There are 2 protein chains.
Amino acid sequence: MPQHAINPNVSVDCVIFSFNNHELEVLLIERSAGNTDKVDEIKALPGNLIYEDETLDCAAERVLTELTGLENIFLEQVYTFGDPERISKKHDQDWLRSIRAHPEARVITVAYTSLINKERFNLTPSSFARNAVWMKVKNVPQLGFDHNDILEKALDHLKHKIYIEPLGYELLPDRFTLAQLQKLYEAILDDKFDKRNFRRKILRTSFIVPLNEKQQGVAHKPAGLYRFDKSLFHQM
Amino acid sequence: MPQHAINPNVSVDCVIFSFNNHELEVLLIERSAGNTDKVDEIKALPGNLIYEDETLDCAAERVLTELTGLENIFLEQVYTFGDPERISKKHDQDWLRSIRAHPEARVITVAYTSLINKERFNLTPSSFARNAVWMKVKNVPQLGFDHNDILEKALDHLKHKIYIEPLGYELLPDRFTLAQLQKLYEAILDDKFDKRNFRRKILRTSFIVPLNEKQQGVAHKPAGLYRFDKSLFHQM
DNA sequence: AAACTTAGTGTAATTAATACACATAGCCAA
DNA sequence: TTGGCTATGTGTATTAATTACACTAAGTTT
């Protein structure tokens, strides 16, 4: 078996979320329909076939890096999609013919997800990604393959997860206000909370610790800044 | 492509739980090491390669039926295992050579799980399952492949799920006592609860409804019987 | 009739969840 | 410099959920 032989039947797709202080965003790549003149851009999640000699986790990390330039992202498996028809729509096949040795092969895909603060990373798309873009989750158009379903599942995963772990310290700046944190929870859970009750609940945890600093240069009473204390969290 | 062509790279494995009134049990099949004389029985989860033209969900249901005779079991996807070395241990390879066209092919496997009341189903093992047996989860020996990891993950899945859904109405008789229900929760969560607090919490839900019947022929005060009311549950 | 076994029950104390309104700090514009 | 703007920050009362804890009752067995 040659090194880095490709497994034609298994791919990984990555659903990377970020937060712009108001809404959740997701990272998409732009592909162009392979065999047409018109630049028929269809967006998709970053994903590709795995190599025979790598784990699924490694494949996800590699593929994400190859397509978007994001490195050292901690990815978590979400779900596996295996409808035999999932890649056989005409415009998906057109595009696959331009990049794959066996575009018609049955491909099941393992979805991975992560949360990142997009300010901390540069996008440098390459391989078959013409471009990599952040899109508001609420504005995501029809994607290639079954990627809308995959996105949906990753969102569900995220909603469940936020009940268990204090997510979103990945998504926020190191120093953040409680209003920012509340907006993030509201964006993920697609809900609204009472400010006083939210603050009480957050501060009860005691791993969100106040810094003795305030926001600067805002046209209103400046908010106090807080940080997430990882060691306090893990010793719970 | 021939009908029912096998996809050599993707399998499904099923983790089927039942409950014997004291402990959780899991359904295993027995295989014999293919190329040796001694009947070297290794147990494994029921699982096999998928067909090219079926969904993963259908593959799981089909494979379960083929190996154990269980039909119409509602299976739920848990996790996908894809270590390149997961089937390459010697005794696993020995066995695969006896049943597979390409025993050395890289196989990733999608794990499914379900809960059933074993009293309601007959096991009729066939295909390469010499036998199908229920084993107490706590007594499960070293299994073939990475099946101990898969079982572990399915157990985690179950523990999370019981917080969300009132599981285990699958696992109990139609009419059950609150003590049976409590034992089931204790078995799944590997914990002990206070009887009064447990009863209060269960009865608060109001879809566990009392029948006006009591246990018969037990050598102590007979317990009242209850049933799970699906329609009351779903209208919540 | 006494012994055995599991069923069934109540209360008090603590903690969490919910609903709700107003004074305050800093900036900006008139 | 004053008044207006905007988002911050705070407390209380009510209700619901959680926890801890011990004895009597019903039926069977000996």
Side-chain angles (χ1 to χ4, degrees), chain A residues 19-23 159-160 162-166 172-173 175-228 233 236, chain B residues 19-23 159 162-166 168 172-173 175-228 233 236:
Chain A
F19 183 63
N20 65 8
N21 268 309
H22 297 282
E23 287 153 295
K159 286 181 194 178
H160 281 115
I162 203 172
Y163 282 111
I164 300 174
E165 289 182 56
L172 292 175
R175 308 177 314 147
F176 52 85
T177 70
L178 295 184
Q180 280 178 293
L181 185 60
Q182 183 174 346
K183 283 222 182 76
L184 174 62
Y185 271 73
E186 290 176 341
I188 291 177
L189 293 172
D190 199 12
D191 201 354
K192 287 273 175 199
F193 304 110
D194 176 85
K195 181 168 48 157
R196 280 177 287 193
N197 295 339
F198 180 82
R199 293 168 75 94
R200 182 173 22 238
K201 193 161 165 177
I202 289 296
L203 295 175
R204 204 185 307 150
T205 67
S206 83
F207 46 77
I208 307 287
V209 299
L211 299 160
N212 288 325
E213 294 178 72
K214 285 177 185 300
Q215 277 182 315
Q216 303 267 318
V218 284
H220 55 75
K221 177 172 176 177
L225 295 169
Y226 291 77
R227 69 185 177 80
F228 174 63
F233 170 65
M236 279 199 330
Chain B
F19 183 62
N20 65 8
N21 269 308
H22 296 282
E23 289 152 292
K159 287 182 193 177
I162 204 172
Y163 282 111
I164 299 175
E165 290 183 55
L172 291 176
R175 309 176 315 147
F176 51 84
T177 70
L178 296 184
Q180 280 179 294
L181 185 60
Q182 182 174 347
K183 282 223 184 77
L184 174 61
Y185 271 74
E186 291 176 341
I188 291 177
L189 293 172
D190 200 12
D191 202 353
K192 288 274 175 195
F193 304 111
D194 177 84
K195 180 167 50 158
R196 280 177 287 196
N197 295 338
F198 181 81
R199 293 169 75 94
R200 184 175 20 241
K201 192 160 166 177
I202 289 296
L203 295 175
R204 208 176 16 228
T205 68
S206 83
F207 45 78
I208 307 287
V209 300
L211 299 160
N212 288 325
E213 294 177 74
K214 285 179 187 300
Q215 278 181 314
Q216 303 266 318
V218 285
H220 54 76
K221 177 172 175 177
L225 294 170
Y226 292 76
R227 70 185 176 80
F228 175 63
F233 171 64
M236 280 199 326

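Keep in mind the model is a prediction, meaning the values are calculated, not measured.
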Euclidean distance, atom CD of residue A/Gln216 to atom P of D/dA7 [Å, nearest integer]: 18 Å

For A/Asp191, all residues meeting side-chain contact (heavy atoms from CB on, under 4.5 Å), sequence neighbours excluded: A/Leu189, A/Phe193

Euclidean distance, atom CG of residue A/Asp194 to atom C1' of D/dT8 [Å, nearest integer]: 14 Å

Nucleic acid footprint by protein, nucleotides 22-30 of chain D - heavy-atom cut-off 4.0 Å, B for base, S for sugar-phosphate alone: B--BBBS--

Extract from the structure each pairing of a protein N or O with an N or O of nucleotides 2-4 of chain D at less than 3.5 Å, listing the distance.
none

side-chain contact (heavy atoms from CB on, under 4.5 Å) partners for B/Arg196, two or more places apart: B/Asp194

Residue pairs passing the salt bridge (Lys or Arg N to Asp or Glu O under 4.0 Å) test where at least one lies in residues 198-219 of chain A, sequence neighbours excluded: A/Arg175-A/Glu213

Value in whole Å for how far the C1' atom of D/dT8 lies from NZ of A/Lys183: 12 Å

Distances under 3.5 Å only, N/O to N/O: pair up the protein atoms with those of nucleotides 12-19 of chain D.
unit_1	atom_1	unit_2	atom_2	d
D/dT12	O4	A/Arg200	NH1	3.2
D/dT12	O4	A/Arg200	NH2	3.3
D/dT18	OP2	B/Arg204	NH2	2.9
D/dT19	O4	B/Arg200	NH2	3.3

Span of DNA chain C in contact with chain A (heavy atoms, under 4.0 Å): C/dA16 to C/dC27

Partner residues of A/Gln216 under the side-chain contact (heavy atoms from CB on, under 4.5 Å) criterion, sequence neighbours left out: none

Which residues share a side-chain contact (heavy atoms from CB on, under 4.5 Å) with B/Ser206, sequence neighbours left out: none

Pair listing, side chain to side chain donor-acceptor pair (under 3.5 Å) test, anchored in residues 177-186 of chain A, at least two apart: A/Asn21-A/Gln180, A/Gln182-A/Glu186

Result of checking B/Leu203, B/Leu172, B/Leu181, B/Val209 against B/Tyr226 for side chain to side chain contact (heavy atoms under 4.5 Å, CB included): B/Leu203

